[in-house]
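Below is one structure, written out as structure tokens; comments come after it.
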Amino acid sequence: MSPTDSIEAHLASIAIHGDDELARVPDVVQPIGVSTTFLYDKNPQNLKTAKERANQPADSGQYYSRISQPVVRNAEKVIGDITGGHAVLFNSGLSAFLAAMLYFNPKRVFANDCYFGCHGVLKLLKRNYGVETYGLDKIEELAEKGDVIHVESPINPTGVAFDFEKYVLLGHSKGAYVMVDSTFAPPPLQDPFKFGVDLVMHSATKYFGGHSDLLAGVIITKDESVKKDILQDRGYTGAIPGSLEAWLLTRSLRTLNMRVRTQAASANAIVKYLSENIDKLPKLAKVYHSSLQTEEFVKKQLPLGGGPVFSIEVVDKETARQLPSRLKLFAHATSLGGVESLIEWRAISDERCSETLLRVSIGVEDQEDLLQDLVQALS
Ligand SMILES: *Cc1c(COP(=O)(O)O)cnc(C)c1O
């Protein structure tokens, strides 16, 4: 692969081979290790003090698993390679977000109406340290050097996109950092770094994990020295994931490209059908998704179309309560990003949400089957 080739073009290959160079045993699938502690070098001449190791990468050499361990490193290597950055893995999306806040240490955070848990973290920072939180509309007026602009896009639960370029220009003009929660549009759908974003986070629980069976989060930076600092912080917060999660995650990353492409293509087709046939579906009031947005920036940010999550508004609260139970292929549960399709009456888990809104996460089942299931329930 030549260095000029785009990551997108080779995503499928990188996801399989990104960590080849870290292989420790000849097994094609690297083993899951559960050890918390690792032998120091047997040759006394190779032993270095902590001071002597100060300029080496934070995860170089492994001696204690709160700091670094091989299964986590493999997942970080693959995620870094498929995103064109340097990845640090955490034990949940929210601990990744908290780590970004600890690293940036802002006085003010400007965020859109993002995932309620990220707002929960901001509330803790406000309670303990007086960190102020504002909407993105206040950047021009109030942002100062060292503040953070946090843009979740596409946003939870609607799947609607926000303009990265606009917030990067505005944020940087104030000396603020700009970070993006790209959970709803993982590779190959979206690359926030192309727009000059400083830091990207994902809840790896969702598409990176992809099978609703692991909790993890990731921060990605273009700057290796930032990775080193964040790794060092993680050594003290103890937010490294366990071996099982990291091993499952590495396994899941192998199929990220095909899963996400299939899920997104199905979601885009289903959204198109529902929005074009809204007058034939008596229970359906509105469809939300980035593929329905007409602004110029949306196609630039999401060249393959919108992500696999969209939302629908139904005619009344009672319909919203009943509809999930009328579906055969959609499980009524929170979360998203797994191979199985999910639907959620969102007001159950997010108190800010409209009581007629249902969030839909499209899985890898047959697209036509999924559409038929939704159509019968909305008829
Ligand atoms: C789920 C989610 C999170 C939180 O991730 P966890 O892994 O559940 O901690 C953050 N942002 C978005 C957009 C999410 O969907």
Side-chain angles (χ1 to χ4, degrees), residues 72 75 79 87-102 109 111-125 133 136 148-162 164 179-187 189-190 192 197 199-220 234 237-242 244-246 248-249 252-253 260 263-264 267 288-290 301-302 306-311 333-338 341-344 346 348-350 352-353 357-363:
V72 170
I79 293 175
V88 184
L89 204 58
F90 289 86
N91 53 16
S92 74
L94 286 189
S95 64
F97 179 71
L98 176 61
M101 293 300 112
L102 290 177
V109 177
N112 53 1
D113 211 3
C114 61
Y115 184 71
F116 72 92
C118 294
H119 276 288
V121 170
L122 293 174
K123 269 189 206 154
L124 297 181
L125 296 179
T133 305
L136 297 175
V148 168
I149 318 294
H150 177 70
V151 185
E152 181 176 302
S153 181
I155 198 168
N156 184 32
T158 55
V160 165
F162 286 70
F164 296 151
M179 66 176 283
V180 163
D181 184 339
S182 191
T183 300
F184 272 46
L189 302 180
Q190 172 169 283
V197 161
L199 204 76
V200 176
M201 70 162 271
H202 288 262
S203 166
T205 311
K206 314 297 167 51
Y207 293 97
F208 285 3
H211 297 73
S212 309
D213 57 6
L214 68 92
L215 205 57
V218 65
I219 284 178
I220 307 148
R234 189 189 65 185
T237 58
I240 193 171
L244 177 63
E245 286 77 6
L248 284 171
L249 178 58
S252 298
L253 289 166
V260 170
Q263 288 169 266
Y288 301 96
H289 192 234
S290 62
Q301 279 179 207
L302 293 157
V309 175
F310 63 91
S311 280
T334 195
S335 199
L336 55 111
S341 292
L342 301 176
I343 190 162
E344 181 185 22
R346 190 65 186 156
I348 294 181
S349 65
D350 188 345
R352 304 168 306 170
C353 192
L357 189 126
L358 293 157
R359 186 181 71 186
V360 182
S361 169
I362 295 296

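When reading the values below, keep in mind they use all heavy atoms of this one structure, side chains included, and skip hydrogens, waters and symmetry mates. Atoms within a ligand are numbered from 1 in the order they appear, just like the ligands themselves. In this text, all values refer to a predicted model and were calculated from it rather than measured experimentally.
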Tell me whether ligand 1 is touched by S95 - counting only heavy atoms on the residue side and a distance under 4.0 Å.
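No heavy atom of S95 comes that close to ligand 1.
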Run down the list T334, N156, D181 and name the one with the heavy atom closest to atom 12 (C) of ligand 1.
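The nearest heavy atom belongs to D181.
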My understanding is that we take every heavy atom of each candidate and find the minimum distance to atom 1 (C) of ligand 1. Doing that for M201, E152, H202, K206, which one comes out nearest?
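Result: the heavy atom closest to atom 1 (C) of ligand 1 is in K206.
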Return yes if some donor-acceptor pair links the side-chain N/O of [X] with the main-chain N/O of [Y] below 3.5 Å, else return no.
X	Y	result
R359	L342	no
Q301	F162	yes
S341	G363	yes
E245	N91	no
S311	P157	yes
H211	L249	no
T183	S203	yes

Measure the distance from [atom] to every protein heavy atom, then report the residue, atom name and distance (to 0.1 Å) of the closest one.
atom	answer
atom 7 (O) of ligand 1	T205 OG1, 2.6 Å
atom 4 (C) of ligand 1	Y115 CE2, 3.4 Å
atom 5 (O) of ligand 1	S203 OG, 3.0 Å

Atom indices of ligand 1 within 4.0 angstrom of A216 heavy atoms, with elements:
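Matching atoms, with element in brackets: 7 (O).
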Hey, which atoms in ligand 1 end up nearer than 4.0 Å to a heavy atom of S92?
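Near S92, the atoms of ligand 1 are 7 (O), 9 (O).
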Once rounded to the nearest 0.5 Å, what's the spacing between atom CD1 of I79 and atom CG of L253?
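One finds 5.0 Å between CD1 of I79 and CG of L253.
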Side chain, backbone, both or neither: which part of [X] comes within less than 4.0 Å of ligand 1 when only heavy atoms are counted?
X	result
F184	side chain
C114	neither
T183	side chain

Is there a nitrogen or oxygen of G93 sitting under 3.5 Å from a nitrogen or oxygen of ligand 1?
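Yes, since at least one N or O of G93 sits under 3.5 Å from an N or O of ligand 1.
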L94 to ligand 1: N or O pair under 3.5 Å?
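Yes: some nitrogen or oxygen of L94 is under 3.5 Å from one in ligand 1.
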Residue pair L125 / L98, side-chain heavy-atom distance below 4.5 Å:
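Side-chain contact under 4.5 Å: yes.
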